[in-house]
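Right, one structure below, let's go through it.
Numbers here are sequence positions counted from 1.
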Amino acid sequence: MQSSLKLKKSKNSNFNFKDRFSPVLQSHFLLLILSLSFFCSEPKSKETVPEKPIEGWAGSPVNPSQKPFEYFYMAKKAKVNVESPNKQKARMIQSTCVDVAITQAKRDLIRTLFEDTFASASTTAGQEIEFNTKAVIREFSGLLKDVKTKECKPKAIAIADYPASEWVECECVIFVHIPGGKDTVITRFQQSEQE
């Protein structure tokens, strides 16, 4: 004996949501679907692009993108070795890192300024410019008196229970104002070469 199952086909074989559920259930169901879609959807990720410090020739510290480009900026990273940071050392960590970064930046400022200035000048003129580093440093060392700090930021990941631990690594941007910008540096360098 074989049994067969026969399904009755209703006259209206299409499923009708409105007919099957009461209006209250319909609104609850709709609310559930909207809630799930809201909570389950992935939020748009806000990828933070690390802010790149200003380097090279730019405008004033107030508005670096505005001409005239008479300010030369240089960024320098520094690292401080601290065996066990604590609350008493917190200020010392920050000030030491900033001091190291600024000192290193000042040491490299003239060389970097000339490399940047003459690299762009030689590609524009189509010629290679050579200079005596010691003579250049001697000629332009007066610039170091006017060096200012634009900003310093911590770069290390903060460690809980260690104040100022993020200042174990830092980056400072220093700048010097040279009226006339690149052209003044090139002219002054050429005059010193002729003497």
Side-chain angles (χ1 to χ4, degrees), residues 49-83 85 88-125 128-159 162-195:
V49 178
E51 190 178 310
K52 188 178 179 198
I54 302 169
E55 290 192 276
W57 290 99
S60 75
V62 176
N63 190 356
S65 58
Q66 186 177 353
K67 289 184 178 186
F69 294 158
E70 295 183 334
Y71 293 81
F72 187 80
Y73 296 87
M74 182 179 159
K76 196 69 170 179
K77 290 183 181 177
K79 198 173 196 175
V80 178
N81 292 327
V82 180
E83 290 181 21
Q88 288 79 29
K89 293 182 183 177
R91 286 186 187 208
M92 184 187 74
I93 292 170
Q94 181 177 351
S95 65
T96 302
C97 192
V98 168
D99 289 346
V100 169
I102 292 171
T103 302
Q104 289 176 353
K106 283 182 176 181
R107 184 189 66 214
D108 297 338
L109 177 68
I110 294 173
R111 182 184 48 79
T112 305
L113 180 135
F114 270 82
E115 287 173 357
D116 183 85
T117 301
F118 288 107
S120 61
S122 64
T123 53
T124 305
E128 192 67 33
I129 299 173
E130 291 184 27
F131 55 87
N132 180 334
T133 308
K134 288 181 182 178
V136 166
I137 291 173
R138 190 172 46 252
E139 176 68 26
F140 288 89
S141 61
L143 290 175
L144 297 178
K145 292 181 230 164
D146 300 324
V147 172
K148 294 183 177 46
T149 304
K150 182 178 185 324
E151 64 185 359
C152 291
K153 294 180 180 180
K155 289 295 187 178
I157 297 170
I159 301 169
Y162 290 113
S165 58
E166 67 273 15
W167 284 95
V168 171
E169 291 181 40
C170 64
E171 181 175 49
C172 292
V173 176
I174 64 166
F175 68 92
V176 64
H177 179 234
I178 302 172
K182 282 183 189 182
D183 294 337
T184 299
V185 173
I186 293 169
T187 303
R188 191 168 157 190
F189 171 72
Q190 289 170 341
Q191 287 171 350
S192 70
E193 287 286 297
Q194 292 171 357
E195 293 173 358

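Between the CZ atom of F175 and the CD1 atom of I54 there is a distance of 9.5 Å, given to the nearest 0.5 Å. Between atom CE of residue M74 and atom CD of residue Q104 there is a gap of 9.0 Å, rounded to the nearest 0.5 Å. With rounding to the nearest 0.5 angstrom, the CD1 atom of I93 is 11.0 Å from the CG atom of N81. The distance from the CD atom of E169 to the NZ atom of K79 is 4.5 Å, given to the nearest 0.5 Å. Separation of atoms NZ (K182) and OG1 (T187) is listed at 13.0 Å; rounding is to 0.5 Å. In this structure, K148 NZ and Y73 OH are separated by 11.5 Å, a value rounded to the nearest 0.5 Å.
Looking only at side-chain heavy atoms (C-beta outward), V168 and I159 stay at 4.5 Å or farther from each other. P61 has its side chain within reach of Y71: a pair of non-hydrogen atoms, C-beta onward, lies under 4.5 Å apart.
Partners of E70 according to the salt bridge (charged side-chain N to carboxylate O under 4.0 Å, His left out) rule, which considers only residues two or more places apart in sequence or in another chain, do not exist here. Taking the side-chain contact (heavy atoms from CB on, under 4.5 Å) definition, one finds that N63 meets it with S65, Q66, sequence neighbours left out. Partners of K106 by salt bridge (charged side-chain N to carboxylate O under 4.0 Å, His left out), not counting sequence neighbours: none found. Taking the side-chain contact (heavy atoms from CB on, under 4.5 Å) definition, one finds that T149 meets it with I102, C152, I174, sequence neighbours left out. Residues passing the side-chain contact (heavy atoms from CB on, under 4.5 Å) test with C170 are A78, C97, A101, W167, sequence neighbours excluded. Applying the side-chain contact (heavy atoms from CB on, under 4.5 Å) rule to D183 yields no partners; only residues at least two apart in sequence or on another chain are considered.
Among all heavy-atom pairs drawn from L113 and F72, the shortest one is CA-CZ, 3.4 Å.
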